[in-house]
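What follows is a single structure, written as structure tokens, with notes after it.
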Amino acid sequence: MNAKEAVRLFSSQRAIGKTGKYLTLVAFISACGAGVIYREWLKLQKAVHFKTDSVPDKHAKSYIYITSESTDDLVTQVKKNVHWNLAVLEHFLEDRGIGWLPFERRIDDPWRLLRRAQSKNRCDRLAAVSALASKHHWNDSEYRAVAQACDQRTLIGLARSHDVDFRFFLPPPPPPVQASEETLQDALCDLVGSLPRSNIDKCTEFFTTKAMREGHHAVAADHQSGALVFGGTPFSFVTGLSRQPQETQEMNYLLALLSHSEVLSHCVSIVENGGLPVLMRCYLERGSSKKMQCHIAHIIANLSVHEKLHNCIVQAGWVTVLAKWMKSNVTPLASHAARALANLDRDSCKEKYDDGVYVLHPQTRKRAAYEADVVFVHGLMGGAFHTWRQQDQNSKREKAPSKNGVTSNGKPSKTASMIPTKNVPKEKSTIDRLQEETKTAMVTTDQRNGTDSRSRDVQRQSENKVQLNNVSPEGLQQGYTDCWPKSWLSEDIPHMRILTVSYESHITEWAAKCPYGSEKRSLGSRSAELLRKLHKAGVGERPIIWVTHSMGGLLVKQMLVDACDKPDFDQLIENSHGIVFFSTPHHGASLAAMSQQAQFLLYPTVEVKDLTQGSQFLKNLHGRFRAFVQTYQIPVLSFGEKEPTNIGLSIKTFIVPKMSSHPGFGEYHTLDVNHLDICKPADRNSLLYVILVRFIMQNVTKALHKSLAEILTRDLFVDEAEELFYPLGFGFGE
């Protein structure tokens, strides 16, 4: 071996020695790191526990979930244990800022999703809550753990999620022990008596005085009934005759609380005086009374308007109850609960819904922005939900049946049920029939700046051709809905927000709940109040379609002309894209004239006096509204009644005749229905509903990328659509 080979051999041995030292050092460091991680993992595993102390001993049974014995084989059990340990290790590393792991993560891990739901990033929070709400395959223990560790913001988000698993919600806490010794009526009486009595409006004072007076009378009757005895034994029926039913007395207290809940300072007093536990007790003991539950939900919704009370509402367990109510088939109850949860949800909902403004769609969280608002405003003696119900089956007018089992007014005769269903041709959906139906419908479209003689001639010739095919045999087989904007319109225009407005109105002062509220029921006062509430609800930030019935049309006209003089409502004016009038008395109503003739007997209200035919007030209002429509070029759709309405004692009259329901501009239709049924379609294929949907879709233009998304969703696969959308700068479906 020469010198060169010796040097080469020595160098290679030296390099091998250095490599071995490096490998030894790396192995030593890895072993130490693994030991530290394992030690911390053991500490963390011992520290992981559920909040069992939050469950009272009396109600521990409600938190016990009975699970069947595991039938998994040994390999499956080992895999589950490995996944659980990896999840714990992953959380430990994330706490120390290590986000990369050499193994696949568990996407539906409850703790990971809950951690993301509590992130500082709003988008991450919303996505995590949506992912949590979509889980329906977890074990009961996992739902229980998330429910106990859930924060207030995540809990509210889950309650407003579509099709959420109710195992995420803990049952409401029981009422205090000391409160269970007194009756519910006494608890409500003490609560109402503790509220302020000074500096309140007359109606609140009236309801409070009435509730306290009748409550004291009931207590006095209970004490005095023992004196009415014969032979030492009191008669039970004597006690019953001397007092009101218990539920009626409790209802009076709830009405007083409802009136107080409309005042900010009184809302704080209700909570500070223990009102939330008392209302929870009322909910638990009177669960069978839907009317009382609606009043309770209404009060909670009014309290939810004030953000500083949100924590108290959540701690009292009302989120669980509201989530249950929102799934109710009772539309008013579900709407009150949806309004309360929307006000509580400050993470995804920036709008606030005051008393009288309700969201019919969407009542849950929605990632996509609304393209437009459709606002429904009822008329005299109407309601936010009752006015917009499907046409009642018992309101059918008797007509001579035709050979095919359908009467002359388009409704099925008594023999319609004998027609075999298989022989009836299948009807198309509402959207598919829009163009086809409207071609055969009578449409009189006048110039927006007035009507000319030619358009009037066309109107006269076409009015006699209109026939409203209200009910088909297939339509009768569909389920009845008590609110068609919520049931039907939400499916036909899912990309729009649907609101409905509520306000109290009566024909006579004898029927008014509060005799001191007449000054608040004028069109001017209601217009200012409703404008303020709709502005807080975000109406005006996007295109608006107004849908009105009877006096509701006059209220919207007053709102729009008033908004022209207020700079804060410029957006509302600019974004008004269409107005629909169902038998609106633009020039007065005959019923108002009859009320004026018998004013000393009927004692007509302020709103009825505003509807007098030939009223100078209505003339001025209509003139200003006509100028408003011409200035802003707003499309108008009007419907008129062709049949008289039965007002009692077999007296039939036209509430709003054609000369009053036609505004003199826009699109006008007359339908074979009376004043009450003019806004109640018999089914989704009714002509009035088809025309309404067409009007809304024509006057609300979709954004370009949303229209493309719908086309690609229908005609392409998702992968192909994504390849086209991503180069355009926005995600698929946005």
Side-chain angles (χ1 to χ4, degrees), residues 358-362 366 368-378 384 387-390 428-439 441-445 448 468 481 483-501 534 537-549 552-553 556-557 559-560 572-584 629 632-639 663 665-669 671 678-704 706-707 710:
Y358 302 94
V359 183
L360 296 178
H361 172 79
K366 186 177 181 181
Y370 315 123
E371 293 186 2
D373 288 334
V374 183
V375 184
F376 287 82
V377 185
H378 67 82
T387 295
W388 312 107
R389 66 187 185 276
Q390 186 179 355
K428 301 179 181 179
S429 63
T430 302
I431 300 300
D432 295 337
R433 293 187 57 198
L434 283 177
Q435 298 298 330
E436 180 180 345
E437 290 287 343
T438 52
K439 288 181 181 179
M442 184 281 296
V443 178
T444 303
T445 306
R448 290 176 180 170
L468 179 60
T481 175
C483 186
W484 58 264
K486 178 181 178 181
S487 303
W488 301 346
L489 203 59
S490 61
E491 296 179 358
D492 291 332
I493 51 172
H495 51 283
M496 300 184 190
R497 183 176 62 160
I498 304 176
L499 303 175
T500 183
V501 172
L534 291 177
V539 176
E541 299 177 0
R542 56 191 69 87
I544 312 169
I545 301 293
W546 303 92
V547 182
T548 68
H549 174 243
V556 170
K557 291 167 64 175
M559 289 169 49
L560 293 177
L572 185 141
I573 296 299
E574 296 174 357
N575 285 324
S576 292
H577 284 205
I579 307 173
V580 181
F581 295 112
F582 286 105
S583 282
T584 294
V629 170
Y632 293 95
Q633 292 293 297
I634 298 179
V636 175
L637 172 64
S638 302
F639 293 92
F665 46 84
E667 183 178 338
Y668 182 74
H669 302 263
L671 305 176
I678 190 68
C679 60
K680 299 174 180 61
D683 56 30
R684 297 178 72 163
N685 295 322
S686 294
L687 185 59
L688 68 91
Y689 182 75
V690 172
I691 296 175
L692 174 64
V693 175
R694 182 211 61 179
F695 180 81
I696 295 175
M697 297 178 65
Q698 285 181 348
N699 293 287
V700 177
T701 305
K702 292 184 181 180
L704 175 60
K706 292 186 178 181
S707 300
E710 291 184 359

Quick one: do Arg389 and Lys680 satisfy side chain to side chain contact (heavy atoms under 4.5 Å, CB included)? Show the steps, please. CA-CA 6 Å; Arg389 66 187 185 276; Lys680 299 174 180 61; 3.3 Å; yes

Residues Ile498, Lys486; criterion side chain to side chain contact (heavy atoms under 4.5 Å, CB included); working and verdict: CA-CA 8 Å; Ile498 304 176; Lys486 178 181 178 181; over 6 Å; no

Step by step, would you call Val580 with Ile696 a side chain to side chain contact (heavy atoms under 4.5 Å, CB included)? CA-CA 9 Å; Val580 181; Ile696 295 175; 5.7 Å; no

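- Under the side-chain hydrogen bond (donor to acceptor under 3.5 Å, both in side chains) criterion, Thr548 pairs with no residue, sequence neighbours left out.
- In this view, Pro362 and Lys366, Tyr370, Arg497 satisfy the side chain to side chain contact (heavy atoms under 4.5 Å, CB included) rule, not counting sequence neighbours.
- For Ile691 against Glu667, the heavy-atom pair with the smallest separation is CG2-OE2, 4.0 Å.
- Distance CD1/Ile678 to OG/Ser583: 4.5 Å, rounded to 0.5 Å.
- Interatomic distance, Leu489 CG to Tyr689 OH, rounded to the nearest 0.5 Å: 4.5 Å.
- Summarising the geometry of Pro494 relative to Glu491, their closest heavy-atom pair is CD-O, 3.5 Å, with the distance given to 0.1 Å.
- Taking each heavy atom of Leu692 and Leu637 in turn, the nearest pair found is CA-CD2, 4.4 Å.
- In terms of the side-chain hydrogen bond (donor to acceptor under 3.5 Å, both in side chains) criterion, residue partners of Ser487 (sequence neighbours excluded) are, by chain and number, Thr481.
- Partners of Phe582 according to the ring-ring contact (aromatic ring centres under 6.0 Å, His included) rule, which considers only residues two or more places apart in sequence or in another chain, are Phe639.
- Ile579 CD1 to Lys557 NZ: the interatomic distance, rounded to the nearest 0.5 Å, is 9.0 Å.
- With a 4.5 Å cut-off on side-chain heavy atoms, Val501 and Leu534 count as touching.
- You'll find the side chain of Pro485 stays beyond 4.5 Å of the side chain of Thr500, heavy atoms only.
- Qualifying side-chain hydrogen bond (donor to acceptor under 3.5 Å, both in side chains) partners for Trp388, counting only residues two or more places apart in sequence or in other chains: none.
- To the nearest 0.5 Å, atoms CD1 (Ile573) and CE (Met559) are separated by 9.0 Å.
- With hydrogens and angles disregarded, a donor-acceptor distance shorter than 3.5 Å links the side chain of His577 to the backbone of Asn699.
- Trp546 and Ser576 make their closest contact through NE1-OG, 3.3 Å (heavy atoms, listed as atom of the first residue, atom of the second, distance).
- Atom CG in Asn575 sits 9.0 Å away from atom CG in Asp373 (nearest 0.5 Å).
- Between atom CG of residue Leu499 and atom OH of residue Tyr358 there is a gap of 12.5 Å, rounded to the nearest 0.5 Å.
- Of the possible donor and acceptor atoms, none in the side chain of Trp484 sits under 3.5 Å from a partner among the backbone N and O of Arg684.
- Applying the side-chain hydrogen bond (donor to acceptor under 3.5 Å, both in side chains) rule to Thr584 yields no partners; only residues at least two apart in sequence or on another chain are considered.
- Annotation: salt bridge (Lys or Arg N to Asp or Glu O under 4.0 Å) contacts of Glu574 (sequence neighbours excluded): none.
- Between Thr387 and Phe376 there is no side-chain heavy-atom pair separated by less than 4.5 Å.
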